[in-house]
Amino acid sequence: MSITLTDQDKLTLRTAAWGAVSLMSAAGAAGSAHKAATEGSIALTSATGLVGHVLTKAPKGVKYGKTVAALADQVLPALTASISLLKQQYPAEADNFRRTVNVAIDAAARRQKGEHSPTMAEMARKITEALDAA
C-alpha cells in the first residue's frame with residue numbers, strides 16, 4: 001500500500017516530532033539542553049519507513065514559541081494531529097510515528113548519572129498524552 005503525504009502533512013509531522021525533542025531539551029535546560037537535543041535528533045533521523053523518510057529533515061521555516069508554554073501550545077496539538085492524519089491513511093505508520101517520538105523523547109531524557117528530572121518526566125508524560133489523544 002502506498003500513501004502520499006502533502007507538503008503540509010510532512011510539515012505537521014516534522015513540527016510535531018522535532019518539536020517534541022525541543023520540548024524535552026527545554027525541560028532539561030538545567031542539565032544539558034544541547035545533549036538532550038542531540039540525542040533526540042539522532043533518534044528521529046534513525047527512524048525507518050515512511051516516517052523515517054519524512055523525519056530525516058528538521059522543519060524549515062517553523063517559528064517555534066519563545067517560551068516552553070508557547071512551544072507546547074504548538075507541538076502538543078501537532079503530535080495529536082500527526083497521529084490522526086497517519087491513522088486515517090496508514091495505521092501502521094501512526095504506530096511507527098508514536099514509537100519514533102517515544103524513542104526520541106527517551107533518548108533526549110537520558111542522563112549520564114542519576115535519575116530523570118521531574119521536569120523532563122512531566123514533559124515526557126505530556127508528549128505521550130498528546131500522542132495517545134488521537
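Quick caveat: nothing in here was measured; it's all calculated off a predicted structure. Numbering starts at 1 and runs along the sequence shown.
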Practice item. Might you work through the side chain to side chain contact (heavy atoms under 4.5 Å, CB included) test for Leu5 and Val54, ending with a clear yes or no? Key: CA-CA 9 Å; Leu5 296 172; Val54 172; 3.8 Å; yes
Practice item. Go through the steps for Ser22 and Leu71 under the test side chain to side chain contact (heavy atoms under 4.5 Å, CB included), then give the verdict. Key: CA-CA 8 Å; Ser22 295; Leu71 178 59; 3.9 Å; yes
Check your understanding: Could you walk me through whether Asp9 and Thr6 pass the side-chain hydrogen bond (donor to acceptor under 3.5 Å, both in side chains) check?
Key -> CA-CA 5 Å; Asp9 294 343; Thr6 66; 3.2 Å; yes
**Study point:** Derivation and outcome, side chain to side chain contact (heavy atoms under 4.5 Å, CB included), residues Asp132 and Ile83
**Key:** CA-CA 8 Å; Asp132 293 340; Ile83 294 293; over 6 Å; no
Point to revise | Stepwise side chain to side chain contact (heavy atoms under 4.5 Å, CB included) test for Glu129 and Leu76 | key: CA-CA 9 Å; Glu129 192 174 85; Leu76 298 177; over 6 Å; no
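Between Val75 and Ala20 the shortest heavy-atom distance is CG1-N, 3.5 Å. Taking both residues in full, the closest heavy atoms of Ala43 and Ala104 are given as CB-CA, 3.5 Å, listed atom of the first, atom of the second, then distance. Between Leu23 and Ala72, the closest heavy-atom pair is CD2-N, 3.7 Å.
In this structure the side chain of Leu79 reaches within 4.5 angstrom of the side chain of Ile127, judged on heavy atoms. A 4.5 Å side-chain heavy-atom check between Leu131 and Val101 finds at least one atom pair inside the cut-off. Inter-residue side-chain proximity for Leu86 and Asp95 is flagged as unmet; no heavy-atom pair is nearer than 4.5 Å. Using a 4.5 Å heavy-atom threshold, the side chains of Leu50 and Tyr90 count as separate. Val68 is listed as a side-chain neighbour of Met123, based on a closest heavy-atom distance under 4.5 Å.
Taking CD from Gln8 and CG from Leu13, the interatomic distance works out to 10.0 Å, rounded to the nearest 0.5 Å. Separation of atoms OG (Ser25) and CD1 (Ile105) is listed at 13.5 Å; rounding is to 0.5 Å. The CE atom of Met24 lies 12.0 Å from the NZ atom of Lys126; values are rounded to the nearest 0.5 Å. Here the CZ-CG distance, from Arg14 to Asp7, works out to 8.0 Å after rounding to the nearest 0.5 Å.
A salt bridge links Glu122 with Arg125: at least one charged nitrogen is closer than 4.0 Å to a carboxylate oxygen.
Side-chain atoms of Glu93 come within 3.5 Å of backbone atoms of Val51 as a donor-acceptor pair (strictly under, hydrogens ignored). For Thr80 (side chain) and Ala130 (main-chain N/O), a donor-acceptor pair under 3.5 Å exists by modelled atom type. Thr128 places a side-chain N or O within 3.5 Å of a backbone atom of Ala124 that can act as its donor or acceptor partner. Judged by distance alone, the side chain of Asn96 and the main-chain N or O of Ala92 form no donor-acceptor pair under 3.5 Å. Side chain of Trp18 to backbone of Ser41: no donor-acceptor contact under 3.5 angstrom is found.
Clustering ILVMFWY residues whenever any of their side-chain heavy atoms sit less than 4.5 angstrom apart, transitively, puts Leu11 in the very cluster that holds Leu44. The hydrophobic cluster containing Val62 also contains Val21, counting ILVMFWY residues as joined when their side-chain heavy atoms lie under 4.5 angstrom apart, directly or transitively.
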